[in-house]
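Notes follow once the structure below has been shown.
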Amino acid sequence: MLKQKWRDAAVIAASLIVVVVTVIFYSLFTSQYIFSESSTHLKEIYEQVNFRVENQIADGRSMLKSWRNYIKNTVEILNGDASQSEKELREDEFDSFLKAQKEELEFTDFYFISLPTAEQESADADKEETFKYEYSLMSPISGNTETILLRRSLRKLLSEDNGGVSGIVTDKDGNSKTVIVFSVLLGGENQFDNEYSYKGFSFISIGLCFDTESMLKLFNVNVFDSNGEYFIALPDGFVLLQSGKNNTENVLQFLQDETTVVTGKKISEIGEDWVWEASSHDNSQKADTVLIKTRADGVERYLTYMPIGFGGWMLVGLSPSDIVNDTLNTFRLTTVLVMSVIF
């Protein structure tokens, strides 16, 4: 009788161990499955975001290029032998054209941009400041002359037909704001020797300027009912634009912070991916998703990144894992409960 009790107890204990081990292994399996499925889902979502961002950038730059002939013709008339009335008529027409485009496309301003010599830009490259390249701007809409400080050489970007850059614009009263400017050479690709003049301001390129609010409005992206956020960053992690309230200046530095835990990939490997993508013509190979957790708020998030395909820009998404995993977590819990009942 005693042996039977011990045998029954052993069977029950063994069964419990089997159940516990099964549940543990199943939980681990479903965790990996959920991560895999969520990663695929996130990639699809941010590919759509990426497609929209890339198209908006391409459309804006194509539109700028389509204005070239009209602007060159306007400048020729204003600086040529046309009568005063003809010049005034064209100036009014040009002013109305820009204001109508500004209202329709909701950009912040339109600029004529003057570039310093290549030698001066080389000297600027040796400066220690983050925003080291200085350029003069003239807005034909307001008539104001301003300056903009950039992190990267606009001349180099224009030579690569990647004239999109973040900078700090300062007006004549000393007021500054951070903007993104998309620029093309007025004379055509690599036509740096063609200089133009508008009301005495010499320039060689034209540009559309967007502040943060107008840029986000242009992209018009909503991820997980605004619970997800996205960044547009350079290969070194510097943030050009961000949709959320994280207020991160550098994504890679944010990941390297001691309050952030990254699982699934080394931060150095993420940085290597970004550098590789910036110099590669194959923009599909290095997109990835990793899990991060910030100790500051204790929230676990998925970090998804992929190249935009312009100027070395990266799209980086941050999405709370509980929202992304919501449906799959319900599936896992239900399955575990069913298994518990069966056993």
The test is side-chain hydrogen bond (donor to acceptor under 3.5 Å, both in side chains); show your working for Asp211 and Ser214 and say whether it passes.
CA-CA 6 Å; Asp211 59 21; Ser214 59; 2.8 Å; yes

Before giving the answer on side-chain hydrogen bond (donor to acceptor under 3.5 Å, both in side chains), spell out for Ser139 and Asp109 the whole-Å C-alpha distance, their side-chain angles and the decisive distance to 0.1 Å.
CA-CA 7 Å; Ser139 168; Asp109 212 335; 2.8 Å; yes

Can a donor-acceptor pair be found, under 3.5 Å and without considering hydrogens, that links the side chain of [X] to the backbone of [Y]?
X	Y	result
Thr248	Val251	no
Lys217	Thr212	no
Thr260	Gln256	no

Which pair of heavy atoms, one from [X] and one from [Y], lies closest together, and at what distance?
X	Y	value
Thr170	Ser176	OG1-OG, 2.9 Å
Ile270	Leu255	CD1-CD1, 4.1 Å
Phe210	Leu105	CE2-O, 4.4 Å
Ser114	Ser202	CB-O, 3.2 Å
Ile113	Phe203	O-CB, 3.3 Å
Leu154	Leu115	CD2-CD1, 4.1 Å

Residues Lys102, Glu106; criterion side chain to side chain contact (heavy atoms under 4.5 Å, CB included); working and verdict
CA-CA 5 Å; Lys102 184 175 184 291; Glu106 298 182 323; over 6 Å; no

Looking at Lys156 and Glu160, does any basic side-chain N land under 4.0 Å from a carboxylate oxygen?
yes

Please determine if Lys199 and Glu91 form a salt bridge, counting it only when a charged side-chain N lies under 4.0 Å from a carboxylate O.
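Result for this pair is yes, salt bridge flagged.
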
Got a sec: does the [atom1] of [X] have more than 12 other heavy atoms crowding it under 6.0 Å?
X	atom1	result
Asp193	CG	no
Glu129	CD	yes
Asp81	CG	no

Give the cluster check for [X] versus [Y]: same hydrophobic cluster or not, with ILVMFWY residues linked at side-chain heavy-atom distances below 4.5 Å.
X	Y	result
Ile77	Met138	no
Met63	Leu98	yes
Ile141	Tyr196	yes
Leu89	Val75	no

When rounded to the nearest 0.5 angstrom, what is the spacing between [atom1] in [X] and [atom2] in [Y]?
X	Y	atom1	atom2	result
Thr145	Leu137	OG1	CG	9.0 Å
Thr304	Leu315	OG1	CG	9.0 Å
Tyr111	Phe182	OH	CZ	14.5 Å
Phe254	Ile267	CZ	CD1	10.0 Å
Thr130	Lys132	OG1	NZ	8.0 Å
Met314	Leu240	CE	CG	12.0 Å

State which residues pass salt bridge (Lys or Arg N to Asp or Glu O under 4.0 Å) with [X]; sequence neighbours excluded, sorted by chain then number.
X	value
Arg90	Glu93
Glu121	Arg155
Lys99	Asp95
Lys127	Asp124

Stepwise ring-ring contact (aromatic ring centres under 6.0 Å, His included) test for Phe112 and Phe201
CA-CA 8 Å; Phe112 295 133; Phe201 182 83; 7.3 Å; no

Does the side chain of [X] reach to within under 4.5 Å of the side chain of [Y], using non-hydrogen atoms?
X	Y	result
Arg152	Leu157	yes
Gln101	Trp67	yes
Phe131	Thr178	no
Val53	Trp313	no
Asn250	Val239	no
Phe192	Ser159	yes

Side chains of Tyr46 and Ser319 only: does a donor on one sit below 3.5 Å from an acceptor on the other?
yes

Looking just at side-chain N and O atoms, do Thr117 and Gln120 make a donor-acceptor pair shorter than 3.5 Å?
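No donor-acceptor contact under 3.5 Å links the two side chains.
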
Please set out all donor-acceptor pairs under 3.5 angstrom arising from side-chain atoms of residues 229-238, sequence neighbours excluded.
{"unit_1": "Asp236", "atom_1": "OD1", "unit_2": "Phe238", "atom_2": "N", "d": "3.0"}
{"unit_1": "Asp236", "atom_1": "OD2", "unit_2": "Arg151", "atom_2": "NH2", "d": "2.8"}

Decide side chain to side chain contact (heavy atoms under 4.5 Å, CB included) for Ser197 and Asn79; before the verdict, give the C-alpha distance in whole Å, the side-chain angles of both, and the deciding distance to 0.1 Å.
CA-CA 8 Å; Ser197 177; Asn79 294 324; 4.1 Å; yes

Can Ile168 and Lys177 be said to form a side chain to side chain contact (heavy atoms under 4.5 Å, CB included), step by step?
CA-CA 6 Å; Ile168 301 173; Lys177 60 183 177 182; over 6 Å; no

Can you give me every donor-acceptor pair (side chain of residues 183-190, partner residue at least two apart or in another chain, under 3.5 Å) with its distance?
{"unit_1": "Ser183", "atom_1": "OG", "unit_2": "Ser205", "atom_2": "OG", "d": "3.4"}
{"unit_1": "Ser183", "atom_1": "OG", "unit_2": "Ile206", "atom_2": "O", "d": "3.0"}
{"unit_1": "Glu189", "atom_1": "OE2", "unit_2": "Arg68", "atom_2": "NH1", "d": "3.2"}
{"unit_1": "Glu189", "atom_1": "OE2", "unit_2": "Arg68", "atom_2": "NH2", "d": "3.0"}

When the aromatic ring centroids of Tyr70 and Phe97 are compared, is their separation below 6.0 Å?
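Yes, the ring of Tyr70 comes within the 6.0 Å limit of the ring of Phe97, centre to centre.
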
Assess whether side chain to side chain contact (heavy atoms under 4.5 Å, CB included) is satisfied between Val181 and Leu208, documenting all intermediate values.
CA-CA 6 Å; Val181 176; Leu208 291 180; over 6 Å; no

